[in-house]
Amino acid sequence: MCGVAGFVDFKCGSGSDTLTSMIRTMNYRGPDDEGIFLEELDGFQIGLGHKRLSILDLSPLGHQPMLFQNLVIVYNGEVYNFKEIRQELEILGYYFQSHSDTEVILKAYHFWGDKMVSRLNGMFAIVIYDKDKQELSLFRDRVGIKPLYWFFKDGLFLFGSELKSLCSHPRFKKNLNYQALSLFLQFGSIPQPLSIYQNTHKLSSGHFLKLDLNSTSIRNEMYWEVFSSYVSEKTTKKEPEILEDLDALLSSACNYRMISDVPVGVFLSGGYDSSLVTAMIQKESSQKIKTFTIGFEEEKFNEAIYAKKVADHLGTDHYQYLCSQKEALNLVEELPGIWDEPFADSSAIPTYLVSKLASNQVVVSLSADGGDELFGGYEKYQSAAKYLHLFQKYPIKGFVDQVMEPIRDKVATQILSESKLYVYDNFLKTKDAQDSITCLEAYEKFFFDGEMERLSDKLRPSSLFLGDYQRLNDIKNPLDQMMAYDYATYQTDDILTKVDRATMAHSLEGREPLLDYRLIEYVGKIPTEMKLKGGVKKYLLKEITHRYLPKSLMDRPKMGFSIPLAAWLKNDLKYLIDDFLNEAYIKDQGVFRWEEISKMVRLFEKRGDINYANRIWNLLVFQLWYRKWMKS
């Protein structure tokens with residue numbers, strides 16, 4: 001696990017000091033080693049930089065940038081099947097000096113070219129410079145576990161694992177992208193390929209990019225996407241055989257991610273996903289594996305007691321830490337420096353804290369993200385389907401438009417409880433939905449579309465999914481559509497962004513066994529009725545888990561990894577509202593209309609519930625980011 005950064009400067013105004021500065025903004029991503037490659041030719045300078053966190057082949061032979069003949073590579077991530085690929089290459093006549101996966105990737109590219117990427121099972125952001133072709137290639141893993149940003153403007157091409165490395169280049173332009181800001185406010189994160197800055201992009205998951213250094217032209221190409229797994233023919237296998245296949249695939253995915261030359265642990269929440277991963281790994285280990293859990297003093301948000309029961313049953317070496325409210329609150333103003341792009345998922349705080357706990361014991365920790373998107377675990381899938389069915393079956397849209405919407409702020413907010421207002425709001429948000437995806441998107445929005453337009457004339461509501469809608473519409477079953485949509489959007493742009501920044505901030509590598517691409521390619525072919533069987537969410541995954549852990553231990557209501565946000569904003573974090581959402585600050589900043597901000601603050605102060613807390617939180621997260629990255 002590492003950090004990469006670099007440039008191609010067609011004006012030849014950059015140098016080694018600039019490159020070193022870019023990689024040293026991410027020292028925590030690679031505290032063990034660093035290296036740069038710099039070359040100046042007629043018409044351009046090219047620089048590739050690397051920060052190393054040593055996981056495989058701890059010797060200097062794993063140093064990057066790594067060179068082979070006409071190729072130079074810098075790379076962030078892990079390729080778990082590198083030994084198998086190495087054996088293929090050795091048969092083809094290649095000789096290896098190191099035991100690293102970096103050398104395998106480099107020589108695989110030398111032989112197979114771009115087709116190399118389809119052979120890799122892992123998480124990666126790879127940058128390869130071909131001196132002979134005068135071409136720079138960027139590759140991102142299928143799911144988007146590892147980040148890779150790029151910028152191209154005025155003869156300067158930049159790339160980096162994080163935005164802060166791009167920001168450190170003196171010619172990088174920090175101009176606000178209002179399309180990205182609109183999507184952030186409505187959904188809490190910024191979807192690929194957008195970033196918060198203009199002319200700056202995330203390389204989309206399952207894509208590679210080619211920069212021709214002679215013509216300065218860019219080609220962006222997809223090599224994998226999730227939707228193909230759902231549109232192919234469904235399996236005719238019976239449930240027992242499917243369960244056997246899934247058990248074997250899950251075991252293989254977990255075992256692959258235990259390959260390491262440094263200690264490995266597991267994040268354990270006590271829920272189905274992390275408990276299954278822990279059980280599978282402990283079963284194969286001759287020693288007690290280390291497991292890590294963060295709990296909160298507030299009982300409603302504390303999962304630590306359930307994780308402890310699972311750890312005791314499996315016999316792991318378990319570490320847990322009960323976080324005080326003060327400790328969590330102290331992190332809030334640090335978030336913009338860690339994520340360096342507006343990011344409003346408040347579970348980033350406990351994720352950061354559990355990463356800190358694990359980093360004291362191990363260098364690698366497995367995280368069990370992806371189970372809900374794979375196997376249909378979110379309640380929102382059923383709720384969105386119900387709303388859509390309601391508006392399609394009954395002619396009530398006119399009533400919602402003419403009666404419910406006009407009285408929302410003046411009447412409904414006064415008489416409805418928090419939970420009933422939540423239902424009321426979802427009626428309003430989903431009334432115009434045409435299909436399962438637009439209904440799910442509306443259901444997930446924090447701001448109404450009308451609120452967005454009133455906040456600023458530069459803000460426009462739009463779809464979170466910026467890919468090929470035809471591919472999504474080719475999936476016929478609504479539940480499959482919603483799971484594939486979440487896999488391509490929420491999972492990559494929210495969940496994986498959260499885990500990457502939280503773990504790497506502590507020089508900890510996070511690995512994702514449930515996101516092995518072989519799993520999604522298999523699960524996509526399973527008939528939908530098996531995934532939500534008899535109304536049981538994640539039916540198949542739960543059946544496998546019960547092979548390893550007693551059902552009585554696992555049967556409990558699902559808990560989110562969350563914080564008491566509304567209470568914090570009413571009390572300890574109220575100063576942020578006073579500082580960043582007051583009239584003078586808003587008018588001086590010139591991003592939002594004060595009248596709409598004032599209205600939202602008043603409604604939150606009157607209600608104080610999560611319906612308004614989320615809106616206020618998203619606004620505050622942006623304001624904290626703006627102070628850190630736009631005003632400083």
Side-chain angles (χ1 to χ4, degrees), residues 163 167 173-202 335-336 339-346 405-406 408-410 413 425 428-429 431-432 438 441-466 489 493-494 565 569 573 576-607 611-632:
L163 274 177
C167 291
K173 299 290 192 294
K174 293 195 288 185
N175 297 316
L176 196 60
N177 182 337
Y178 279 91
Q179 181 188 6
L181 175 58
S182 299
L183 287 162
F184 163 74
L185 290 172
Q186 285 207 290
F187 295 100
S189 60
I190 296 173
Q192 59 181 353
L194 299 179
S195 90
I196 192 61
Y197 300 117
Q198 296 177 25
N199 305 303
T200 310
H201 319 268
K202 301 178 180 80
L335 297 178
W339 272 265
D340 71 20
E341 193 170 39
F343 184 75
D345 187 337
S346 58
E405 191 160 15
R408 191 256 183 191
D409 290 344
K410 294 181 179 178
T413 58
D425 280 357
L428 298 183
K429 287 189 291 186
K431 64 184 172 62
D432 295 316
T438 54
E441 280 195 343
Y443 181 85
E444 292 178 328
K445 288 177 180 177
F446 294 110
F447 286 85
F448 291 108
D449 290 352
E451 287 176 326
M452 292 289 297
E453 293 166 344
R454 292 192 296 273
L455 268 174
S456 169
D457 57 8
K458 296 178 182 178
L459 298 176
R460 292 287 182 273
S462 64
S463 171
L464 183 65
F465 179 64
L466 302 175
T489 55
D493 301 317
D494 187 302
L565 187 59
L569 289 172
L573 294 181
L576 293 176
I577 299 175
D578 297 337
D579 290 350
F580 292 108
L581 299 181
N582 66 69
E583 183 175 6
Y585 190 93
I586 293 298
K587 289 184 174 179
D588 179 67
Q589 183 186 28
V591 175
F592 305 111
R593 290 193 180 99
W594 160 246
E595 293 77 16
E596 189 66 16
I597 294 290
S598 174
K599 173 185 169 184
M600 288 185 180
V601 171
R602 286 198 309 271
L603 284 170
F604 173 69
E605 288 174 345
K606 185 180 295 185
R607 293 280 310 189
N611 297 284
Y612 293 96
N614 284 322
R615 292 175 171 85
I616 297 297
W617 175 251
N618 286 16
L619 286 166
L620 288 175
V621 167
F622 172 74
Q623 298 293 63
L624 287 167
W625 173 87
Y626 191 91
R627 179 184 68 176
K628 169 74 175 175
W629 293 103
M630 298 297 283
K631 297 196 75 170
S632 61

message: Could you measure the distance from the CG atom of Asn614 to the CG atom of Leu569? Nearest 0.5 Å is fine.
response: 9.0 Å

field: Non-hydrogen atoms of Trp625 and Asp340 that approach each other most closely
entry: NE1-O, 3.3 Å

- prompt: Between Trp339 and Phe343, what is the ring plane arrangement, given parallel below 30°, perpendicular above 60°, and tilted in between?
  reply: parallel

message: side-chain contact (heavy atoms from CB on, under 4.5 Å) for Tyr626 and Val591? Distances and angles first, verdict last.
response: CA-CA 10 Å; Tyr626 191 91; Val591 175; 4.3 Å; yes

task: Please answer whether the main-chain N or O of Arg602 pairs with a side-chain N or O of Glu605 as donor and acceptor at a distance below 3.5 Å.
output: no

query: Is the backbone of Gln192 close enough, under 3.5 Å, to the side chain of Asp493 for a donor and an acceptor to pair up by distance?
result: yes

message: Tell me the closest heavy-atom pair linking Phe184 and Val621, and the distance in Å.
response: CZ-CG1, 3.8 Å

task: Of all the heavy-atom pairs spanning Ser463 and Leu183, show the shortest one and how long it is.
output: O-CD2, 3.4 Å

query: Does the pair Lys587/Glu583 count as a salt bridge with the N-to-O cut at 4.0 Å?
result: yes

message: Keeping Trp629 on the side-chain end and Glu341 on the backbone end, is there a donor-acceptor pair under 3.5 Å?
response: no

task: Answer yes or no: is there a side-chain heavy-atom contact under 4.5 Å between Leu573 and Trp617?
output: yes

query: So do the side chains of Leu459 and Tyr178 get within less than 4.5 Å of each other, counting heavy atoms only?
result: yes

task: Measure from the side-chain N and O atoms of Gln623 to the backbone N and O of Phe580, and report whether any donor-acceptor pair falls under 3.5 Å.
output: yes

message: Is it the case that the side chain of Thr200 and the backbone of Ser195 share a donor-acceptor pair, with hydrogens and angles ignored and the cut-off at 3.5 Å?
response: no

task: Apply side-chain contact (heavy atoms from CB on, under 4.5 Å) to the pair Thr489 and Phe465, showing each step before the final yes or no.
output: CA-CA 6 Å; Thr489 55; Phe465 179 64; 3.8 Å; yes

query: How long is the gap from CD1 on Ile190 to CG on Leu466, to the nearest 0.5 Å?
result: 11.5 Å

field: Nearest-0.5 Å distance that lies between atom CG in Leu335 and atom NZ in Lys628
entry: 12.0 Å

Donor-acceptor pair, side chain of Gln186 and main chain of Lys445, under 3.5 angstrom: no

task: For residues Glu405 and Lys431, determine if any side-chain heavy atom of one lies less than 4.5 Å from a side-chain heavy atom of the other.
output: yes

statement: Rounded to the nearest 0.5 angstrom, the CG-CD1 distance for Leu455 and Ile586 is 9.0 Å

task: May I ask you to decide whether Glu451 forms a salt bridge with Arg615, counting only side-chain N to carboxylate O separations under 4.0 Å?
output: yes

- prompt: So do the side chains of Glu596 and Phe592 get within less than 4.5 Å of each other, counting heavy atoms only?
  reply: no

query: When rounded to the nearest 0.5 angstrom, what distance separates OG in Ser456 from CG in Leu181?
result: 8.0 Å

field: Under 3.5 Å: donor-acceptor pair, side chain of Lys202, backbone of Leu194
entry: yes

query: Do Ile196 and Lys174 touch side chain to side chain, with heavy atoms closer than 4.5 Å?
result: no

field: Sub-4.5 Å side-chain heavy-atom contact between Tyr443 and Lys429
entry: no

Donor-acceptor under 3.5 Å (Asn582 side chain, Asp578 main chain): yes

- prompt: Shortest non-hydrogen contact from Phe622 to Pro342?
  reply: CD1-CG, 4.1 Å

statement: Phe187 and Glu441 have their tightest heavy-atom pair at CE2-O, 3.6 Å

query: Does the Asn618 side chain pair with the main chain of Leu185, one donor and one acceptor, at a distance under 3.5 Å?
result: yes

Donor-acceptor contact below 3.5 Å, side chain Arg607 vs main chain Thr413: yes

Gap between atom OH of Tyr612 and atom CE of Met600 - 0.5 Å precision: 9.0 Å

- line: Closest non-hydrogen contact found for Ser182 with Arg460 is OG-N, 3.0 Å

message: Around atom NZ of Lys606, are there more than 12 heavy atoms from other residues, nucleotides or ligands closer than 6.0 Å?
response: no

- prompt: Going by an N to O cut-off under 4.0 Å, is there a salt bridge joining Asp409 and Lys599?
  reply: yes

